[in-house]
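No hydrogens, no waters, no symmetry mates; every other heavy atom, side chains included, goes into these values.
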Amino acid sequence: YSSTMPTQPATPAVRVENLTKVFKGQLGKRSFVAVKDLTFSVEAGEVYGLIGPNGSGKSTTMKVVLGLLRPTAGHTEIFGCDSSKVESRQAVGLLPENPYFYKHLTGLETLLFYGRLCGLSGAALKDRAHDLLQLTGLENAASRREGGYSKGMLQRVGLAQALINDPDLVILDEPMSGLDPVGRREVRNLMVELNRR
């Protein structure tokens with residue numbers, strides 16, 4: 001006999017079960033298995049990394065989890081919601097491997113643009129954008145056009161745009177790509193700080 005009720009296990013932030021993704025061949029080429037029978041879960045508050053060589057299926061796995069690709073077999077969920085449903089992505093922030101930014105916009109204008117796409121507006125959006133520019137160390141470059149940003153600065157503004165809607169889950173695809181050692185350390189430290197928060 002126990003005087004306390006049993007606790008239910010927390011819903012994982014990401015759950016991948018028996019994921020397989022096969023790309024069909026075109027013009028006489030054979031099909032290609034990008035991911036085969038992959039199972040893992042990521043708990044809320046956990047920093048989790050997919051590590052492997054180029055072509056091992058890391059980006060494909062993330063695209064299936066985000067509902068951008070359909071799995072050939074298996075199932076993926078975000079906070080218990082099937083990844084194929086639009087509502088599964090409402091609380092997700094994404095920094096893709098090769099983010100594209102409008103070079104004529106400033107860092108602040110970029111964050112305001114993405115914030116409006118997420119349904120934010122007014123003073124709340126402006127405050128959030130300024131907070132993220134400070135968090136990412138870009139407050140002094142907020143009014144500079146992104147065409148003059150370094151690769152590290154672009155990665156940081158990309159991270160800020162991934163955070164603009166205050167997501168519960170942040171997915172970063174190759175966040176250190178093309179960065180020098182100082183830039184890598186800055187992004188890593190930023191990830192640690194975000195997890196701490």
Side-chain angles (χ1 to χ4, degrees), residues 10-15 42-48 59 62-70 76-179 183 186-197:
T11 302
V14 174
R15 188 163 61 98
V42 180
E43 301 304 320
E46 183 176 20
V47 175
Y48 191 94
S59 292
M62 285 188 262
K63 287 176 183 174
V64 172
V65 167
L66 288 166
L68 302 174
L69 291 174
R70 289 181 172 248
T76 61
E77 294 178 353
I78 297 174
F79 292 108
C81 185
D82 189 301
S83 293
S84 66
K85 298 182 188 239
V86 173
E87 53 269 18
S88 72
R89 298 181 286 283
Q90 294 295 322
V92 176
L94 169 67
L95 174 60
E97 181 177 1
N98 295 307
Y100 178 82
F101 298 109
Y102 299 103
K103 292 182 168 77
H104 65 281
L105 294 180
T106 66
L108 177 60
E109 290 168 339
T110 294
L111 294 184
L112 296 175
F113 171 74
Y114 281 102
R116 284 190 289 274
L117 289 177
C118 292
L120 303 173
S121 63
L125 171 57
K126 288 180 183 174
D127 290 346
R128 180 77 178 150
H130 285 289
D131 288 347
L132 288 170
L133 287 166
Q134 183 176 8
L135 176 70
T136 56
L138 292 171
E139 65 271 16
N140 292 331
S143 60
R144 283 180 39 202
R145 298 202 186 284
E146 290 175 351
Y149 278 19
S150 69
K151 175 72 174 166
M153 293 169 77
L154 288 172
Q155 285 294 88
R156 287 186 281 156
V157 81
L159 189 52
Q161 70 78 31
L163 299 170
I164 195 72
N165 64 334
D166 195 20
D168 295 325
L169 174 66
V170 179
I171 296 181
L172 311 173
D173 191 357
E174 301 282 351
M176 308 290 187
S177 177
L179 296 180
E186 288 173 351
V187 170
R188 188 203 65 213
N189 290 345
L190 187 54
M191 290 166 47
V192 169
E193 173 63 15
L194 289 170
N195 186 54
R196 186 192 65 76
R197 290 177 178 211

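In this structure, the side chain of Arg89 engages the main chain of Ser83 through a donor-acceptor pair within 3.5 Å. Counting only distance, with no hydrogens or angles, the side chain of Arg145 and the backbone of Lys103 share no donor-acceptor pair below 3.5 Å. Judged purely by atom type and a 3.5 angstrom limit, Gln161 uses its side chain to pair as donor or acceptor with the backbone of Gly158.
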Under the side chain to side chain contact (heavy atoms under 4.5 Å, CB included) criterion, do Glu146 and Glu109 qualify, and how do the steps go? CA-CA 10 Å; Glu146 290 175 351; Glu109 290 168 339; over 6 Å; no
Checking Tyr149 against Arg144 for the side chain to side chain contact (heavy atoms under 4.5 Å, CB included) test, could you report, in this order, the C-alpha distance in whole Å, the side-chain angles of both residues, the deciding distance, and whether it holds? CA-CA 8 Å; Tyr149 278 19; Arg144 283 180 39 202; 3.9 Å; yes
Trace of the side chain to side chain contact (heavy atoms under 4.5 Å, CB included) decision for Thr136 with Val157: CA-CA 7 Å; Thr136 56; Val157 81; over 6 Å; no
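The shortest heavy-atom contact between Pro167 and Ala91 is CB-O, 3.4 Å. Across every non-hydrogen atom of Ser59 and Asp173, the tightest pair is OG-OD2, 2.9 Å. Nearest heavy atoms, Thr76 versus Val64: OG1-O, 3.6 Å.
The neighbour count for Tyr102 OH, taken as heavy atoms of other residues, nucleotides or ligands under 6.0 Å away, does not exceed 12. A 6.0 Å sphere centred on NZ of Lys85 holds no more than 12 heavy atoms belonging to other residues, nucleotides or ligands.
To the nearest 0.5 Å, the span separating CD on Glu43 from CZ on Arg15 amounts to 11.0 Å. Remark: Leu125 CG to Ile164 CD1 distance equals 5.5 Å, nearest 0.5 Å. The line from NZ of Lys151 to CE of Met176 is 12.5 Å long, rounded to the nearest 0.5 Å. Here NZ of Lys126 is found 14.0 Å from CG of Asp131. Values are rounded to the nearest 0.5 Å. Note: Leu95 CG to Arg156 CZ = 13.0 Å, rounded to the nearest 0.5 Å. In this structure, Glu77 CD and Ser88 OG are separated by 9.5 Å, a value rounded to the nearest 0.5 Å.
Proximity of Val170 to Met191: side-chain heavy atoms (C-beta onward) are nowhere separated by under 4.5 Å. Between Leu111 and Arg128 there is no side-chain heavy-atom pair separated by less than 4.5 Å. With a 4.5 Å cut-off on side-chain heavy atoms, Phe113 and Phe101 do not count as touching. Looking at Leu108 and His130, their side chains come closer than 4.5 Å, going by heavy atoms from C-beta outward.
Screening Leu172, Leu132, Leu135, Leu138 against Leu159 for a side-chain contact (heavy atoms from CB on, under 4.5 Å) leaves a single residue, Leu172.
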